[in-house]
Amino acid sequence: MALVTLRKLLDAAAAGNYGVGGFNVNNMEQIQAIMEAARETNSPVILQASRGARKYANDKFLYHLMLAANEIYPDLPIVLHQDHGTRDACISAVDMGFTSVMIDGSLLDDGKTPSPFEDNVRVTKEIVNYAHAKGVSVEGELGCIGGIDDGHGIGAGDPSKYLTDPDQAVEFVERTGVDALAVAIGTSHGVYKFTQKPDHSVLVMDRIIEIHKRLPNTHLVMHGSSSVPQELLEMINKYGGAIKPTWGVPVEEIQLGIQHGVRKINVDTDLRLAMTGAIRKFFVEKPEGFDPRDYLKEARELVKEVLATRMKAFGQAGHAGDIRT
Ligand code: G3H
Ligand code: 13P
Ligand code: ZN
């Protein structure tokens with residue numbers, strides 16, 4: 001099957017009332033794990049590469065690995081998505097053949113100050129014009145997701161400064177024409193999201209419900225949505241790691257979001273935790289081991305298991321056939 005656009009995939013998800021994981025990739029084993037989980041569950045796939053991933057792997061390596069996935073799994077629809085792109089990263093992704101880009105116009109060039117609304121509209125609109133002319137979808141972002149975006153987490157300062165404003169969301173979507181909108185609701189990137197299992201005072205699901213009421217036809221995106229399973233933290237720490245107590249986004253909250261217009265759920269940290277847990281375990285149990293294939297195989301298998309569970313929980317399992325090109 002030809003690669004598909006994010007728009008096409010999320011339109012199908014909206015029609016079927018399910019969500020689709022946007023899984024971050026940096027190397028071959030992660031791509032293989034995602035694709036095997038998708039094959040096992042018959043799921044549509046969003047493979048997404050951050051600017052850091054493109055730099056780490058080298059653009060061409062990563063892009064061709066993703067194309068290989070498309071050749072090897074012809075029955076699974078796949079979106080190639082640029083995650084958190086600058087203007088230039090989005091343009092190069094479109095030119096390279098990605099089928100979707102996220103323009104992250106929520107911050108100024110210093111990478112930490114929330115950008116003025118008008119600046120965000122301007123750069124997002126520019127990318128929408130460029131991408132749509134070439135048949136590529138665009139995800140925009142309004143509000144600041146903690147971690148990457150504000151550099152110190154949503155808890156610092158006045159949250160209303162960072163959370164997505166529903167009125168502005170309506171204006172942003174109308175003026176930019178984005179295909180999907182990433183909203184800030186209190187999540188942050190990375191492993192340290194919440195100091196205890198989050199309630200709705202810190203994970204503000206009401207914002208999603210409110211935004212969806214005003215924009216019922218816009219596909220919403222939840223970033224920073226790894227669930228940070230306690231068992232993976234225990235596994236890492238049992239085998240020599242030192243991750244401090246922390247909580248992620250509970251799967252049942254994501255499912256609530258899906259009932260209110262969330263169609264794309266971004267997950268990266270959980271893949272990292274699974275790989276690290278499996279590799280740490282391998283080295284403790286088999287100190288004589290030295291063949292990277294042996295420990296990367298374990299890592300790949302655990303990522304696959306975690307993601308197959310997520311694909312079922314998000315509802316995308318069984319829906320690969322919804323998309324026809
Ligand atoms: O958006 C955040 C993703 O987890 C990507 O992280 O920039 O370290 O590749 P990264
Ligand atoms: P996590 O750090 O929660 O996996 O979030 C990933 C993400 O939002 C990528 O854009
Ligand atoms: Zn993100």
For this session: Apply the test side chain to side chain contact (heavy atoms under 4.5 Å, CB included) to residues Ile145 and Ile185: give CA-CA distance (whole Å), side-chain angles for both, the deciding distance (0.1 Å), then the verdict.
Result: CA-CA 7 Å; Ile145 292 146; Ile185 56 160; over 6 Å; no
Exercise. Could you walk me through whether Ile258 and Arg263 pass the side chain to side chain contact (heavy atoms under 4.5 Å, CB included) check?
Worked result: CA-CA 6 Å; Ile258 292 168; Arg263 298 295 158 227; 3.7 Å; yes
Problem set entry | side chain to side chain contact (heavy atoms under 4.5 Å, CB included) evaluation trace for Met222 with Glu253 | CA-CA 11 Å; Met222 276 175 73; Glu253 300 292 357; 5.7 Å; no
Exercise. Does the pair Val136 and Phe98 meet the rule for a side chain to side chain contact (heavy atoms under 4.5 Å, CB included), with working shown?
Worked result: CA-CA 7 Å; Val136 171; Phe98 281 54; 5.6 Å; no
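Note that OG1 of Thr5 and CG of Leu80 are 11.5 Å apart. Values are rounded to the nearest 0.5 Å. The CG atom of Leu3 sits 12.0 Å away from atom NZ of Lys8, with the distance rounded to the nearest 0.5 Å. With values rounded to the nearest 0.5 angstrom, Leu273 atom CG is found 10.5 Å from Glu231 atom CD. Atom CG of Asp268 sits about 11.5 Å away from atom NE2 of His223, to the nearest 0.5 Å. The structure places CG of Leu65 at 12.0 Å from CE of Met35, a figure rounded to the nearest 0.5 Å. Atom CG of Asn27 is separated from atom CE of Met275 by 5.0 Å, given to the nearest 0.5 angstrom.
Between His260 and Met205, every side-chain heavy-atom pair lies at or beyond the 4.5 Å cut-off. Using a 4.5 Å heavy-atom cutoff, the side chains of Val45 and Val79 are not in contact. Between Ile103 and Val101, the closest side-chain pair of non-hydrogen atoms is not below 4.5 Å. Phe194 places none of its side-chain heavy atoms less than 4.5 Å from the side chain of Thr246. A 4.5 Å side-chain heavy-atom check between Leu181 and Glu141 finds every atom pair outside the cut-off. The side-chain heavy atoms of Phe23 and Met311, taken from C-beta on, include a pair separated by under 4.5 Å. Between Val249 and Leu203, some side-chain heavy-atom pair lies under the 4.5 Å cut-off. Within the 4.5 Å cutoff, the side chain of Pro166 has heavy atoms near those of the Arg207 side chain.
Scanning all heavy atoms of the two residues, the minimum distance from Val4 to Pro77 falls at CG2-CB, 4.1 Å. Across every non-hydrogen atom of Ile254 and Ser227, the tightest pair is CD1-OG, 4.2 Å. Here the shortest heavy-atom pairing between Asn120 and Thr124 reads O-OG1, 2.7 Å. Between Asn17 and Gln259, the shortest heavy-atom contact is ND2-OE1, 3.2 Å. Closest heavy-atom contact between Ala320 and Ser43: CB-C, 3.9 Å. Contact detail for Ile243 and Leu233: the closest heavy-atom pair is CG2-CD2, 3.9 Å.
Checking side-chain atoms of Thr187 against main-chain N and O of Ser225 turns up no donor-acceptor pair under 3.5 Å. Between the Tyr192 side chain and the Lys244 main chain, a donor and an acceptor come within less than 3.5 Å of each other. Lys193 places no side-chain N or O within 3.5 Å of a backbone atom of Gly248 that could act as its donor or acceptor partner. Between the side chain of Asn42 and the backbone N or O of Ala317, no donor-acceptor pair lies under 3.5 Å. Asp179 places a side-chain N or O within 3.5 Å of a backbone atom of Val138 that can act as its donor or acceptor partner. Side chain of Ser106 to main chain of Leu142: no donor-acceptor pair is present (N/O by atom type, distance under 3.5 Å, no hydrogens or angles). The closest donor-acceptor contact from the side chain of Ser50 to the backbone of Gly52 lies under 3.5 Å. For the pair Ser226 (side chain) and Val267 (backbone), a donor-acceptor distance under 3.5 Å is absent. With hydrogens and angles ignored, the 3.5 Å screen pairs no side-chain donor or acceptor of Gln316 with any backbone N or O of Arg310. Thr176 contributes no side-chain N or O that, together with a main-chain N or O of Val121, makes up a donor-acceptor pair within less than 3.5 Å.
Side-chain contact, Ser92 with Arg54: a donor N or O sits under 3.5 Å from an acceptor N or O. A donor-acceptor pair shorter than 3.5 Å cannot be found between the side chains of Thr86 and Asp88. Defined by atom type and a distance below 3.5 Å, a donor-acceptor pair is present between the side-chain atoms of Lys264 and Gln48. Inspection of the Asn24 and Asp83 side chains reveals an N or O donor paired with an N or O acceptor under 3.5 Å. His81 and Glu139 share a donor-acceptor pair across their side chains, judged by distance under 3.5 Å alone.
For His319 and Tyr18, the distance between ring centers is under 6.0 angstrom.
When each of Glu29, Gln32, Glu36 is paired with Arg300, the side chain to side chain donor-acceptor pair (under 3.5 Å) condition holds for Gln32 and for no other.
Under a 4.0 Å N-O distance rule, the pair Glu234/Lys238 does not qualify as a salt bridge. A salt bridge does not link Lys297 to Glu301: none of the charged nitrogens lies less than 4.0 Å from a carboxylate oxygen. Taking a cutoff of 4.0 Å between a charged side-chain nitrogen and a carboxylate oxygen, Lys134 and Asp95 qualify as a salt bridge. Between Asp119 and Arg122 there is a salt bridge, since a side-chain N of the basic residue sits under 4.0 Å from a carboxylate O of the acidic one. Checked for salt-bridge contact, Glu126 and Arg87 meet the test: a charged N lies under 4.0 Å from a carboxylate O.
Ring orientation note: the planes of His189 and His84 are nearly perpendicular, at an angle over 60° on the 30°/60° scale. Tyr295 and Phe282 have tilted rings, their planes meeting at an angle from 30° to 60° on a 0 to 90° scale.
Side-chain heavy atoms closer than 4.5 Å link hydrophobic residues (I, L, V, M, F, W, Y) into clusters, and following such links, possibly through other members, connects Phe117 to Val178. Note on Leu108: it does not cluster hydrophobically with Tyr162, by side-chain heavy-atom contacts below 4.5 Å among ILVMFWY residues. Taken together through direct or relayed side-chain contacts under 4.5 Å among Ile, Leu, Val, Met, Phe, Trp and Tyr, Leu296 and Tyr56 form parts of separate hydrophobic clusters. Under the 4.5 Å side-chain heavy-atom criterion for ILVMFWY residues, a single connected hydrophobic cluster contains both Ile78 and Met28. Met102 and Tyr63 fall into different hydrophobic clusters, where Ile, Leu, Val, Met, Phe, Trp and Tyr are joined by side-chain heavy atoms under 4.5 Å apart, directly or via other members.
Glu118 CD: more than 12 foreign heavy atoms inside a 6.0 Å radius.
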